[in-house]
Amino acid sequence: MGILIKPIVTEKMTAQGEKLNRYGFIVDRKANKLEIKAAVERMYNVTVSDVNTVNYHGKRKSRYTKAGILRGRANHYKKAYVSLAGEDKIDFYSNI
């Protein structure tokens with residue numbers, strides 16, 4: 001598996017991409033900022049100026065069903081917020 005798992009495509013991140021030239025990705029939990037920067041530059045042919053990362057701890061979840069209570073946990077994951085330099089843009093919708 002690569003360093004970049006999937007882009008974050010939400011209203012908030014789309015607005016930040018348009019205004020602040022910042023994009024979000026779900027990344028491998030073991031990846032550091034330099035690896036993330038290199039992966040984004042290689043995949044999208046852009047120049048990255050800044051990378052911020054956030055580690056999320058998986059929440060405990062439970063549901064009540066006819067069979068009883070089902071308990072589990074959501075996965076841990078890591079987000080990376082990538083700021084691009086200059087007039088570079090990433091278009092996630094170009095292949096649709």
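Separating the CG atom in Leu4 from the NZ atom in Lys6 is a distance of 13.0 Å, to the nearest 0.5 Å. To the nearest 0.5 Å, the span separating CG on Leu84 from CZ on Arg22 amounts to 10.5 Å.
In terms of modelled atom types and a separation under 3.5 Å, the side chain of Ser83 and the main chain of Ser49 share no donor-acceptor contact. With Asp88 contributing its side chain and Thr47 its backbone, the two residues share a donor-acceptor pair below 3.5 Å. Side-chain atoms of Lys33 do not come within 3.5 Å of backbone N or O of Thr53 as any donor-acceptor pair. The main-chain N or O of Asn32 is found under 3.5 Å from a side-chain atom of Glu35 such that the two form a donor-acceptor pair. In this structure a side-chain-to-backbone donor-acceptor pair under 3.5 Å is missing from Asn55 to Arg29.
Using a 30° and 60° split on the angle between ring planes, Phe92 and Tyr44 fall in the perpendicular class, above 60°.
The two atoms that bring Ile26 and Lys79 nearest to each other are CD1-CG, 3.9 Å, heavy atoms only. Heavy-atom minimum distance, Asp28 versus Gly2: CB-O, 4.2 Å. Contact record, Ala74 with Lys61: CB-CE, 4.2 Å, taken as the closest heavy-atom pair. A pairwise comparison of heavy atoms in Tyr23 and Met13 identifies C-CE, 3.5 Å as the closest pair. Residues Val48 and Glu41 approach most closely at N-OE2, 3.1 Å, considering heavy atoms. Summarising the geometry of His76 relative to Gly58, their closest heavy-atom pair is ND1-N, 2.9 Å, with the distance given to 0.1 Å.
Grouping the Ile, Leu, Val, Met, Phe, Trp and Tyr side chains by contacts below 4.5 angstrom, directly or via other members, places Leu20 apart from Ile90. Note: the hydrophobic cluster containing Leu34 does not contain Ile3 (ILVMFWY, side chain heavy atoms under 4.5 Å, direct or indirect links).
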Check: Can Asp91 and Lys89 be said to form a side chain to side chain contact (heavy atoms under 4.5 Å, CB included), step by step?
Finding: CA-CA 6 Å; Asp91 185 16; Lys89 298 283 181 195; over 6 Å; no
Note to self: Working note: Phe25 + Ile36, criterion side chain to side chain contact (heavy atoms under 4.5 Å, CB included); need CA distance, chi angles, decisive distance, verdict.
What the structure shows: CA-CA 9 Å; Phe25 296 93; Ile36 295 167; 6.0 Å; no
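Tyr77 places none of its side-chain heavy atoms less than 4.5 Å from the side chain of Asn75.
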